[in-house]
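In what follows, a single structure is set out as structure tokens and then discussed.
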Amino acid sequence: MDHAEFRARAHQMADWIADYLETVGDRRVVSGARPGEIQGALAGGPPEQGEAFDRIFADFERVIVPGLTHWQHPGWFGYFASNSSPPSVLAEMLVAGLAVNGIAWQTSPAATELEQVALDWLRQLIGLPEGFHGVIQDTASTATLTAVLTARDAAWARAGRSPVLSCYASEEAHSSVFKAARLAGFMPEGIRRVPTDAAFAMRADALREMLTEDQARGWVPACVVATVGTTSSTALDPLRAIGTVARDAGAFFHVDAAYGGAAAVAPEHRAILDGVELADSFVVNPHKWLLTNFDCSAYYVRDPDLLMRSFAALPEYLKTAADSEVVNFRDWGIPLGRRFRALKLWFVLRSYGAEGLRALVREHVRLAALFAGWVDAAPEWQRMAPVPLGLVCFRHVPGGMTDGPELDAHNRRILEFMNASGEVFLTHTTLRGRFTLRLAVGQRTTEEHHVRRAWDLARSAVAEGVRGHSGLK
Ligand SMILES: *Cc1c(COP(=O)(O)O)cnc(C)c1O
């Protein structure tokens with residue numbers, strides 16, 4: 001493709017994206033593709049001769065697009081949102097065009113320095129104290145793995161390599177925490193799940209008991225992970241109490257605020273980070289609630305030297321004259337090569353400003369509270385957890401039905417009915433073993449009428465005979 005054709009195609013793609021974003025709400029949220037269908041439509045091997053772009057693009061529209069699930073649909077209530085926004089998309093276009101690699105400062109000084117600036121702006125926006133130094137990781141999973149590896153190395157440095165190291169997170173913590181501990185080489189018995197209270201938040205007293213018990217048998221507590229906004233129910237672990245216990249035990253304290261941390265852009269939600277100054281590291285995902293395209297996970301550490309002790313790698317061929325004066329982010333994480341992710345975050349922070357981001361969070365929290373109010377007011381509907389942020393956990397309990405497989409199946413059918421509409425998409429979880437519907441409000445373009453539609457569909461599911469054993473098509 002020569003430059004003239006590239007220019008024409010780039011204009012065509014920009015129009016296509018703009019049309020898509022304008023009309024995505026008219027599509028069915030979830031693809032109707034059957035397993036293997038897309039592979040089947042693309043069978044054969046790579047072409048011997050290069051093909052015309054028209055042919056490639058025709059197949060993109062014919063085969064690929066119908067196989068997509070539309071995360072930017074305003075009826076998106078599944079998992080947590082994975083937002084984008086027009087300024088973020090524009091930055092991604094520029095980044096693709098530039099195709100720089102931010103291995104080190106010298107490999108693109110602006111990539112490194114903009115990352116420092118954008119992450120410090122984000123730090124200020126969410127009220128993280130000064131003294132936290134940020135680096136962008138691809139995902140919160142990677143950031144947490146980075147934290148757990150740092151914690152492991154610090155524990156080894158302190159206690160030697162023979163004792164059993166232990167790592168603590170609540171039973172409601174994200175699977176990435178337990179995966180990180182496994183990957184970091186923690187023994188299964190040293191990976192501890194701390195019980196939660198009635199609101200699904202970690203019990204600091206239970207953590208202290210576990211730590212005391214484990215220290216008594218000679219184990220070394222390496223790491224405590226608290227969650228601000230758990231994935232199942234957005235429970236808020238009490239950071240100050242947990243951080244105090246972690247510090248008393250000499251453990252590294254990591255805060256996983258992948259989803260919930262974003263809410264702290266609004267001062268009335270700052271209390272969710274009370275005690276965060278006790279943390280050794282902290283992660284929040286701008287790619288969830290803060291309008292920045294996946295992937296962009298902001299990881300903050302209090303002591304970059306501790307981080308670099310685990311991650312610095314300086315073979316001769318990577319040394320540069322600037323090394324003593326600059327930050328080389330390759331030494332702050334696992335991969336060597338690094339995408340220029342700071343540009344989209346900077347475009348977003350400048351385009352929306354603190355006010356724009358606050359307004360977004362406030363509207364989503366308002367809509368979640370509205371939905372929660374409908375659930376609370378409706379006979380036979382039950383809210384399953386507090387709603388501090390943008391997620392409502394709920395279920396339907398028909399008269400006379402008690403906890404068990406029948407009630408779970410009933411609610412699973414409600415979920416299937418709602419999603420089969422193609423207008424909304426919700427996912428589920430279990431809380432204390434009970435099947436629970438999750439309505440996660442967080443997509444940039446979601447409005448009140450979309451939330452209302454979700455509630456209408458939930459009630460229609462019941463009205464149209466999901467009740468009891470009748471089942472649904
Ligand atoms: C979404 C989420 C994660 C995982 O985020 P990735 O960036 O996809 O790895 C981890 N922890 C919590 C609390 C989350 O909400």
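For ligands, and for the atoms within them, numbers begin at 1 and follow the listed sequence.
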Residue among Ile136, Thr146, Asn285, Leu119 satisfying side-chain contact (heavy atoms from CB on, under 4.5 Å) with Tyr299: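 Of Ile136, Thr146, Asn285, Leu119, side-chain contact (heavy atoms from CB on, under 4.5 Å) with Tyr299 is met by Thr146 alone.
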Leu437: which of Thr427, Thr429, Ile414 passes side-chain contact (heavy atoms from CB on, under 4.5 Å):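 Of the listed residues Thr427, Thr429, Ile414, the side-chain contact (heavy atoms from CB on, under 4.5 Å) partner of Leu437 is Ile414.
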Salt bridge flag under 4.0 Å for residues Arg240 and Glu277: yes
Test side chain to side chain contact (heavy atoms under 4.5 Å, CB included) applied to Phe252 and Arg152, step by step: CA-CA 9 Å; Phe252 186 95; Arg152 178 202 66 188; over 6 Å; no
For ligand 1 and [X], I'd like to know whether there is a polar contact (N/O to N/O, distance under 3.5 Å).
X      : result
His287 : yes
Ala258 : no
Thr227 : no
Thr230 : no

Which of the atoms in ligand 1, numbered in the order shown and given with their element, are less than 4.0 Å from a heavy-atom of [X]?
X      : value
Asn285 : 5 (O), 6 (P), 7 (O)
Lys288 : 1 (C), 2 (C), 3 (C), 4 (C), 5 (O), 14 (C), 15 (O)
Gly229 : 13 (C)
Phe80  : 15 (O)
Thr231 : 12 (C), 13 (C), 14 (C), 15 (O)

Location of contacts on Thr139 toward ligand 1, heavy atoms closer than 4.0 Å: both
Proximity to ligand 1 by part of Thr142, non-hydrogen separation under 4.0 Å: neither
Centroid-centroid distance, Phe425 to His73, less than 6.0 Å: no
Among protein heavy atoms, which lies nearest [atom], and at what distance?
atom                    : answer
atom 7 (O) of ligand 1  : Ala140 N, 2.8 Å
atom 9 (O) of ligand 1  : Ser141 OG, 2.5 Å
atom 11 (N) of ligand 1 : Asp256 OD2, 2.6 Å

Sub-4.0 Å heavy-atom contact, Ser176 with ligand 1: yes
Closest approach of Pro74 to Gly25 (non-hydrogen atoms, all atoms of both residues): CD-CA, 3.6 Å
Is [X] close enough and on-axis enough to [Y], meaning under 6.0 Å and within 45°, for cation-pi?
X      : Y      : result
Arg193 : Phe178 : yes
Arg123 : Tyr300 : no
Arg438 : Phe80  : yes

Side chains of Glu172 and Thr227 in contact at under 4.5 Å (non-hydrogen atoms):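 Heavy-atom side-chain distance check fails, nothing below 4.5 Å.
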